[in-house]
> 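One structure is given below, represented as structure tokens, and several questions about it will come after.
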Amino acid sequence: MEKTKLIPSEIRRSGRRALLAEIRRYKKIPRIDLSESTGISRATVTTITADLLKEGLIEEVRSETPEKDLRRGRPKVDLKIRGAAHHVVGIKIANKSLSTVLHDFEGIQIADHEVALEESVFEADALADEVSKAIEGLTSTAGLSAEEVSGVGVGIAGTVDALQGFVYWSPSLHQRNVELGQVLEDRLGVPVFLDNDANLVAVAERAFGLAKENSDFIVITIESGVGMGIVIGNELYRGNRGCGAELGHTKVQLDGALCRCGQRGCLEAYVADYALLREAGISGRHKSVSKVEDLLSAARDGDSVAKSIVDRAGRMFAMGLANIVNIFDPELIILSGEQMHSDHLYASEVIDAMRNSVVHIDKPGPEVVIHKWGDLMWARGAAAFALDEVSEIAITGHRENAQ
């Protein structure tokens with residue numbers, strides 16, 4: 001099959017993308033090293049970086065090495081991303097809060113801001129209003145205006161088509177099938193990049209977390225629900241409809257417990273916060289329990305009913321983990337989220353049960369690590385997502401994930 005010949009404009013865009021990414025990766029790098037690391041000729045590097053300098057996307061700084069450029073007879077200079085070129089916001093929509101971070105174009109965090117929400121479920125327009133107010137509060141703490149933001153990344157729980165900015169279902173929204181990305185863009189007046197929040201945790205882990213050296217890994221998040229982000233070959237996998245990686249809604253029991261998605265037998269319906277509290281209420285003995293922490297405490301103190309509820313959650317979670325290992329065989333699994341501050345879902349018994357249920361060969365299984373982080377790190381993942389997309393707009397003049 002004959003390869004399609006790239007036209008010059010496509011070569012230019014590809015070169016701009018590669019050089020900007022390499023400068024971002026190295027933080028500071030001279031032109032000659034850019035040519036060597038990318039395979040792009042020195043002449044083309046000089047031409048493209050001159051354009052990037054003119055556009056204010058990069059800047060020259062004094063090289064940390066004292067040698068001189070013998071051809072020009074002057075000290076060498078490095079190129080770096082110009083932080084002030086753009087600002088992006090990352091937002092995590094949680095159960096009753098909005099966590100936000102502000103990053104510059106270099107990816108450096110400038111400010112963070114958290115807002116409590118009176119409700120946990122919203123109409124789309126009302127949620128957009130809350131997001132707008134949170135961004136205004138965030139930018140004001142940094143001495144900026146909301147108009148100085150070039151893009152906003154948003155992570156929300158549920159089934160999300162990131163390419164279209166479309167939410168099929170989310171526990172944070174009253175309605176199904178909501179064009180939330182467009183609603184947010186109309187309200188904020190800047191490009192909005194929406195994705196499932198667990199996907200953005202995977203983005204964060206790859207950008208500055210525990211998976212910087214891994215090309216294939218899985219992040220599983222356990223909070224009010226169960227989420228999963230999959231990275232294969234350094235690429236985030238979302239599925240054909242944007243509905244991939246819904247670990248919480250894989251089935252672990254036929255006609256089982258009711259899940260908040262409306263179906264029965266989902267993994268989430270046995271291990272999520274609301275599931276544990278529901279079981280505690282049904283038990284009769286723990287009707288007054290309103291916090292998962294209280295139920296876990298009762299289990300640790302030897303309460304038989306509480307212990308049975310927690311133990312079942314562990315067994316179900318081990319089954320879910322084993323299924324993921326048997327399907328994907330990742331090199332690394334990262335367990336993350338609010339419930340990582342309790343050990344009932346990653347106790348040695350749970351991990352051992354998972355390992356006993358996976359395909360056995362004469363080679364160790366995946367490494368399982370715990371990353372205890374808060375909503376701010378989820379927001380940082382959303383900011384990293386926005387930064388990638390704003391960079392693409394700066395490079396090509398249009399967004400990669402057009403809504």
Side-chain angles (χ1 to χ4, degrees), residues 17-27 29 37-38 81 86 88-92 99-109 112 151-157 160 162-163 193-223 226-239 242 244-247 321 324-325 327-337 340 366-393 395 399-401:
R17 186 181 292 112
L19 292 175
L20 197 66
E22 204 72 352
I23 295 169
R24 189 182 298 284
R25 183 164 77 94
Y26 280 98
K27 296 186 174 25
I29 184 171
S37 64
T38 62
I81 300 294
H86 292 283
V88 298
V89 170
I91 298 179
K92 152 74 169 175
S99 296
T100 64
V101 294
L102 179 69
H103 285 199
D104 67 11
F105 197 50
E106 230 181 321
I108 296 173
Q109 184 176 318
D112 62 83
V152 177
V154 179
I156 188 170
V160 181
L163 187 65
F193 312 101
L194 183 72
D195 204 347
N196 172 272
D197 55 359
N199 281 343
L200 298 184
V201 174
V203 171
E205 292 287 8
R206 182 178 58 182
F208 39 72
L210 300 179
K212 287 186 289 187
E213 305 301 323
N214 298 89
S215 60
D216 300 274
F217 67 94
I218 288 177
V219 173
I220 297 173
T221 61
I222 308 103
E223 290 197 314
V226 179
M228 181 168 68
I230 303 172
V231 173
I232 302 174
N234 281 320
E235 294 293 331
L236 185 65
Y237 179 77
R238 293 187 174 95
E246 288 293 344
L247 174 63
L321 286 179
I324 293 306
V325 174
I327 294 170
F328 292 100
D329 191 26
E331 58 188 8
L332 173 67
I333 295 177
I334 302 172
L335 303 182
S336 180
M340 291 303 98
E367 180 184 8
V368 180
V369 298
I370 313 303
H371 196 174
K372 299 178 182 180
W373 60 358
D375 287 341
L376 198 61
M377 288 294 286
W378 298 61
R380 289 185 67 191
F385 179 37
L387 188 61
D388 286 344
E389 298 297 329
V390 167
S391 296
E392 183 68 18
I393 293 172
I395 291 166
R399 64 194 296 173
E400 184 176 17
N401 290 334

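Computed from a predicted structure; not experimentally measured.
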> Under a 4.5 Å cut-off applied to non-hydrogen side-chain atoms, are Phe105 and Leu20 in contact?
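Yes. Closest side-chain heavy atoms under 4.5 Å.
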> Only counting residues at least two apart or in another chain, list the ones meeting side-chain contact (heavy atoms from CB on, under 4.5 Å) with Asp216.
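For Asp216 the side-chain contact (heavy atoms from CB on, under 4.5 Å) partners, ignoring immediate neighbours, are Ile232, Glu331.
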> With no hydrogens and no angle check, just 3.5 Å: does a side-chain donor-acceptor pair link Arg24 and Ser391?
yes
> Taking atom CG of Asp197 and atom CH2 of Trp378, what is their separation to the nearest 0.5 Å?
4.5 Å
> Going by side-chain contact (heavy atoms from CB on, under 4.5 Å), Val101 matches just one of Lys92, Met377, Gln109. Which one?
Gln109
> Look up atom CD1 in Ile91 and atom CG in Leu102, then write down how far apart they are to the nearest 0.5 Å.
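One finds 10.5 Å between CD1 of Ile91 and CG of Leu102.
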> So how far is it from Asn199 CG to Phe385 CZ, rounded to the nearest 0.5 Å?
8.5 Å
> Can a side-chain donor-acceptor contact be found between Thr38 and Glu22 if the only test is distance below 3.5 angstrom?
no
> For Phe193 and Leu200, run side-chain contact (heavy atoms from CB on, under 4.5 Å): C-alpha distance rounded to whole Å, both residues' side-chain angles, the deciding distance at 0.1 Å, then the answer.
CA-CA 11 Å; Phe193 312 101; Leu200 298 184; over 6 Å; no
> Charged N to carboxylate O below 4.0 Å: is that the case for Arg238 and Asp195?
yes
> Can you tell me how far the OG atom of Ser215 sits from the CD atom of Glu235, to the nearest 0.5 Å?
11.0 Å
> So Ile230 and Ile324, side-chain contact (heavy atoms from CB on, under 4.5 Å) or not? Walk me through it.
CA-CA 10 Å; Ile230 303 172; Ile324 293 306; over 6 Å; no
> Going by the side-chain contact (heavy atoms from CB on, under 4.5 Å) test, name the single residue among Asn196, Leu247, Val219 that passes it with Met228.
Leu247
> Using a strict 4.0 Å threshold on nitrogen-to-oxygen distance, state whether Lys27 and Glu106 make a salt bridge.
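Answer for the salt bridge query: no.
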> Just to verify, which of Val368, Thr221, Leu210 counts as forming a side-chain contact (heavy atoms from CB on, under 4.5 Å) with Ile334?
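Option passing the side-chain contact (heavy atoms from CB on, under 4.5 Å) with Ile334: Leu210.
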> Rounded to the nearest 0.5 Å, what separation is found between the NE2 atom of His371 and the CD1 atom of Ile220?
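Going from NE2 on His371 over to CD1 on Ile220, the span is 15.5 Å.
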> To the closest 0.5 Å, what do you measure between NE2 (His103) and CD1 (Ile108)?
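Taking NE2 in His103 and CD1 in Ile108, the distance rounds to 9.5 Å.
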